[in-house]
Amino acid sequence: MKKTFLKRIVLSLCIIIVLYALAEVIIYKPVKLCTFGFLLNNSRQYIVCEYAEVTGFYWRITESSDGTNVGKYVRLEGSGFENYGINILRDNIYYGHNKFVYYGSFKENSFDEVFGEEDYVTFYVEAWDILGPIIRLDCLPNVFKPLFYLYDDDLA
């Protein structure tokens, strides 16, 4: 009697887990999978950036493939960057503790009147990723949202 009851409970839990995973994929259709810091490809030049609330540019370099320019503010440019750069990242994932990986190459160092004597770098973006897990700002619904990929609502 007890074994049958336990089997039913385990089977019910398995069905609930499978239905939850299926519902998550259907409701939150994956658009872009995240990457993880330990999986970064060192054969390509990259920088890891976080959002910085400063006058001027929105990004600060926290890590780079060659170890240079860490801590500097960065201007991101690139062909079509406006289509997948700052404008595509909405407030619920743009701010907060998320870090983004930009692949491409450095351009010349520059000086700007806004920063005064503090220099910044310019990075030409060819592709980007977000480091996982993805942290969103909305609290309660965040429990049900995927942690390892962006979906349509994130990018719309």
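Computed from heavy atoms alone, side chains included, the values below leave out hydrogens, waters and symmetry copies. Remember, predicted model here, so these are calculated numbers, not experimental data.
One hydrophobic cluster holds both I130 and W59 under the rule that ILVMFWY side chains link at heavy-atom gaps under 4.5 Å. Residues Y102 and F106 share a single hydrophobic cluster, defined by chaining ILVMFWY side chains whose heavy atoms lie under 4.5 Å apart. The hydrophobic cluster containing Y20 also contains I27, counting ILVMFWY residues as joined when their side-chain heavy atoms lie under 4.5 angstrom apart, directly or transitively.
Centroid-to-centroid, the aromatic rings of Y151 and Y28 come within less than 6.0 Å.
In this structure, F36 and F148 have tilted ring planes: the angle between them lies in the 30° to 60° band. Ring pair W128/F100 is tilted by interplanar angle, where 30° to 60° counts as tilted.
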Evaluate Y124 against E126 for side-chain contact (heavy atoms from CB on, under 4.5 Å), listing each step before the verdict. CA-CA 7 Å; Y124 185 84; E126 296 169 358; 4.1 Å; yes
Applying side-chain contact (heavy atoms from CB on, under 4.5 Å) to Y149 and K32, what does each step give before you reach the verdict? CA-CA 5 Å; Y149 61 83; K32 185 172 189 64; over 6 Å; no
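Of all the heavy atoms in S64 and T68, the pair that sits closest is OG-O, 2.8 Å. Residues C34 and G132 come closest through the heavy atom pair SG-CA, 3.4 Å. Closest non-hydrogen pair, T35 versus L39, comes out as OG1-CB, 4.2 Å.
When side chains are defined from C-beta on, L40 counts as touching V101, because their heavy atoms get closer than 4.5 Å. Counting heavy atoms from C-beta on, the side chains of E77 and F123 never come closer than 4.5 Å. The shortest side-chain heavy-atom distance between I47 and V74 falls under the 4.5 Å cut-off.
K99 contributes atom NZ, which lies 7.5 Å from atom CD of E63 (distance to the nearest 0.5 angstrom). Here the straight-line distance linking atom CD1 of I9 with atom CG of L13 works out to 7.5 Å at 0.5 Å rounding. Note that the CZ atom of R44 and the OG atom of S105 stand 11.0 Å from one another [nearest 0.5 Å]. D129 CG to L150 CG: the interatomic distance, rounded to the nearest 0.5 Å, is 9.5 Å. Within the model, atoms CG of L19 and SG of C14 stand 11.0 Å from one another, a figure rounded to the nearest 0.5 Å. Interatomic distance, N69 CG to R60 CZ, rounded to the nearest 0.5 Å: 13.0 Å.
When atom types are taken as modelled, the side chain of N98 and the backbone of I135 share a donor-acceptor pair closer than 3.5 angstrom. Between the S65 side chain and the Y46 main chain, a donor and an acceptor come within less than 3.5 Å of each other. Here the side chain of T62 pairs a donor or acceptor atom with the backbone of V48 at under 3.5 angstrom. In this structure, the side chain of R136 does not engage the main chain of L147 through any donor-acceptor pair within 3.5 Å.
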